[in-house]
Amino acid sequence: MDSDRAAVPAKPLLRALGGEAVWPPPAWLMRQAGRYLPEYREIRARAGDFVTLCTTPELAAEVTLQPIRRYGMEGAILFSDILMVPWALGQPLRFAEGEGPLLEPLRSAEAIAALDPSRLVSRVAPILETVARVREGLAAEAPRTALIGFAGGCFTVACYMLEGRGSKEFAAARGLAYADPPLFGRLIRTLQEATTEYLVAQVEAGAEALMIFDSWAGMLSPGQFRRWVIEPTAAIVRTLRRRCPGVPLIGFPRFAGPLLADYAARAGIDATAMDTAMDPRWAAQAVPPAMALQGNLDPLALVAGGAALEAETRSILAAMRGRPYVFNLGHGIVPQTPPEHVTALMRILRSA
Ligand SMILES: Cc1c2[nH]c(c1CCC(=O)O)Cc1[nH]c(c(CCC(=O)O)c1C)Cc1[nH]c(c(CCC(=O)O)c1C)Cc1[nH]c(c(C)c1CCC(=O)O)C2
């Protein structure tokens, strides 16, 4: 069996994440399934609310595959949300039109203690079924495309759980981390355990690579960053290495700045994702040459298209040439992106 398997060349995304300088680089885009696509808006309207869409496997699998059918990216990211972990732990979640996510905020030690990890696996069953369906869909329609599972970083998810909504400061989470580190640590540990179980389950259901989105990591002081971003990520990664050997892990500590180098060296991940503000030439020096980098086109350059899109893309490619690399944006696609600009981007990448 092993010799049969060796005869099939690995998918380009998995080769790059494994440390090979694949060129032209494999590509996928954060939020590649989303409101900029008319076919997404159609299914989103049919589902009604966003949580229903995330927990209806036939619809969630369909929207995961939509951008692959249009553009043939080398990576398909599971359609779900980082806030499905708090939801699965029993915290009420809804997405209000124009307001983003709304959670009932955790306001006491009792509320943190009441989070119930025993519900997690059964609550996320529909999401795991989506994973299995997408994997089958890819085998039939896009055999070169790899399926990426994901979760939020513990710190970022804790930000939303304590604040209850998006925020510029996330003062509830950052304040609690200073005022009561044992209590904040308890929440982080609950998330660490839940996230580990959830990611293992995604791999068992068919995910071929995993990404951890720590979108608000860059708000922390260096000491807090090490304690609440690097340490919990490293703990998750240690267990994943044992339970899911060979599955590559991408870490995204957004706006980490120079702490990106610490994160890359100590979180244990295989690939580091760069946000829009990161200089790829600096990252190429700061991150070990065998470690893949991913990123980091400004989503607004994709909205602009034309010469700006071409120049920004080529400058990132020039910095990444010769090392293991996965093309992506520095943050998610925005809804006003013209779909044909994604076509133009894929053409630029394929002629790299
Ligand atoms: C912080 C965060 C969230 N969710 C996520 C993050 C980390 C990455 C980042 O920093 O963006 C991650 C995420 N959210 C979504 C995915 C699916 C996969 C993909 O990238 O295509 C992924 C990987 C779908 C989504 N998640 C959300 C949408 C839009 C919902 C809709 O269709 O109405 C999508 C497609 C909603 C969401 N979910 C979240 C917010 C703040 C919002 C509101 C903003 C918005 O509306 O764009 C929380």
Side-chain angles (χ1 to χ4, degrees), residues 27-56 59-68 70-71 73 75-87 91 93-103 127 130-131 134 145 147-161 163-168 170 173 195 198-199 202 207 209-219 229 250-256 273-277 294-296 299 328-337 342:
W28 65 280
L29 306 174
M30 289 188 271
R31 292 280 174 94
Q32 63 192 16
R35 284 168 296 191
Y36 77 108
L37 288 177
E39 61 268 35
Y40 170 84
R41 292 196 300 271
E42 198 254 305
I43 301 239
R44 172 81 168 76
R46 215 196 297 168
D49 73 289
F50 182 74
V51 174
T52 303
L53 176 53
C54 291
T55 51
T56 307
L59 298 183
E62 173 63 20
V63 294
T64 305
L65 292 168
Q66 284 173 343
I68 311 305
R70 250 191 205 247
Y71 306 113
M73 290 94 169
I77 185 151
L78 166 68
F79 189 84
S80 181
D81 197 86
I82 64 166
L83 300 179
M84 296 311 286
V85 165
W87 172 83
Q91 193 175 12
L93 167 68
R94 65 196 177 85
F95 284 79
E97 198 58 51
E99 275 193 275
L102 297 172
L103 289 152
I127 301 175
T130 304
V131 172
V134 174
T145 299
L147 173 54
I148 306 161
F150 73 91
C154 299
F155 174 71
T156 292
V157 174
C159 279
Y160 286 99
M161 292 174 85
E163 198 73 40
R165 57 193 309 140
S167 156
K168 283 206 175 73
F170 287 105
T195 302
Y198 180 47
L199 290 173
Q202 289 183 44
L210 296 170
M211 178 150 163
I212 297 179
F213 290 87
D214 229 334
S215 302
W216 301 108
M219 300 183 95
V229 173
I250 309 163
F252 184 36
R254 191 162 69 109
F255 294 143
M274 302 176 286
D275 60 73
T276 302
Q294 175 177 286
N296 70 341
N328 206 316
L329 303 178
H331 200 213
I333 292 192
V334 293
Q336 68 268 32
T337 305
V342 179

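All values reported here derive from a predicted model rather than from experimental measurement. In each ligand, atom 1 is the first atom listed, and ligand 1 is the first ligand listed.
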With sequence neighbours excluded, tell me which residues meet side-chain hydrogen bond (donor to acceptor under 3.5 Å, both in side chains) with Arg70. Glu39

Using salt bridge (charged side-chain N to carboxylate O under 4.0 Å, His left out) as the criterion, list what pairs up with Glu62, not counting sequence neighbours. Arg69

Might you list the protein residues in contact with ligand 1, defined as having a heavy atom under 4.0 Å from one of its atoms, sorted by chain and number? Met30, Arg31, Gln32, Ala33, Arg35, Tyr40, Arg44, Phe50, Ile77, Leu78, Phe79, Ser80, Asp81, Ile82, Phe95, Gly100, Pro101, Phe150, Tyr160, Phe213, Ser215, His331

Parallel, tilted or perpendicular: which describes the rings of His331 and Phe252, with under 30° parallel and over 60° perpendicular? tilted

Would you please indicate yes or no on a ring centroid separation below 6.0 angstrom for Tyr40 and Phe79? yes

For Ala151, side-chain contact (heavy atoms from CB on, under 4.5 Å) partners two or more places apart: Thr195, Tyr198, Leu199

Which word best sums up how the rings of Tyr71 and Tyr36 line up, parallel for under 30°, tilted for 30 to 60°, or perpendicular for over 60°? parallel

